[in-house]
A.B. asks: 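Before we start, here is the structure in question, set down as structure tokens.
Bear in mind that the values here come from a model prediction, so they are computed numbers and not experimental data.
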Amino acid sequence: MRITAFADASLRVLMLLNGVDSTGPLSTRSIAEGIGVPFNHVGKVVQRLRDMGLLDATRGRAGGIQISSAGRTVTVGSVLRALDQDEEPAACHSPNGDCPLAGDCGLRSALFRAREAFYAALDELVIATLPTPRQIGPVLVQLGFGPPQTPGT
């Protein structure tokens with residue numbers, strides 16, 4: 001299965017914010033730099049994730065975006081399911097018209113079941129457990145926060 005570019009960027013945002021939670025709120029521009037996705041695209045992602053209750057956003061000079069309590073416990077499967085709910089698993093429509101087999105298509109229903117099985121397998125994976133210090137360290141340095149602190153230092 002493939003995920004959309006929007007879903008991919010959404011997962012990256014959630015991973016980054018879970019990994020840098022102790023640094024405080026980040027700007028949308030910093031998030032875009034940290035995950036390597038264009039600023040305009042990240043702005044839309046942040047808005048959607050905020051609407052889903054996974055991010056907290058504060059306006060103003062001391063504001064920014066940070067992970068919410070729901071964003072600390074959300075799973076990959078639930079995020080993908082919520083973001084892709086309007087996506088059809090197969091292109092049953094084309095510029096030449098609708099597929100004549102679409103009325104009672106066994107393939108389409110099988111693809112819906114397969115997609116749900118894909119999401120169900122990812123329901124066990126909590127996003128907050130994914131970022132590692134080795135992965136987040138260079139991003140923190142890039143954003144000007146310095147290397148991550150290790151326990152006991």
A.B. asks: Any chance you could lay out the side-chain contact (heavy atoms from CB on, under 4.5 Å) test for L130 and N18, step after step, and finish with the verdict?
C.D. replies: CA-CA 9 Å; L130 297 176; N18 269 294; over 6 Å; no
A.B. asks: Working to the nearest 0.5 Å, report the span between CZ of F118 and CG of L111.
C.D. replies: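 Here the rounded value is 13.5 Å.
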A.B. asks: Might you point out which heavy atoms bring P25 and G63 nearest each other, and give the distance in Å?
C.D. replies: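 That closest heavy-atom pairing would be CB-O, 4.0 Å.
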A.B. asks: Less than 4.5 Å apart, any side-chain heavy atom of Q66 and any of L17?
C.D. replies: no
A.B. asks: Could you name each residue pair satisfying salt bridge (charged side-chain N to carboxylate O under 4.0 Å, His left out) that touches residues 116-126, not counting sequence neighbours?
C.D. replies: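 Counting only pairs at least two positions apart or across chains, the salt bridge (charged side-chain N to carboxylate O under 4.0 Å, His left out) contacts touching residues 116-126 are R81-E116, R81-D123.
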A.B. asks: Where is the tightest heavy-atom contact between R12 and V37, given as atom of each residue plus distance?
C.D. replies: NH1-CG2, 3.9 Å
A.B. asks: Which heavy-atom pair separates A7 from L83 by the least distance, and what is that distance?
C.D. replies: CA-CD1, 3.8 Å
A.B. asks: For the atom pair OG (S10) and CD1 (I35), what is the distance rounded to the nearest 0.5 Å?
C.D. replies: 8.5 Å
A.B. asks: Heavy atoms, side chains only, cut-off 4.5 Å: are V13 and I65 in contact?
C.D. replies: no
A.B. asks: Same cluster or not: are L14 and L125 linked, directly or through other Ile, Leu, Val, Met, Phe, Trp or Tyr residues, by side-chain heavy atoms under 4.5 angstrom apart?
C.D. replies: yes
A.B. asks: Please step through side-chain contact (heavy atoms from CB on, under 4.5 Å) for the pair T75 and L122, ending with a clear verdict.
C.D. replies: CA-CA 7 Å; T75 66; L122 295 171; over 6 Å; no
A.B. asks: Show me the side-chain donor-acceptor pairs of residues 41-61 shorter than 3.5 Å, one per line, residues at least two apart or across chains.
C.D. replies:
unit_1, atom_1, unit_2, atom_2, d
Q47, NE2, D51, OD1, 3.1
R48, NH2, A82, O, 3.2

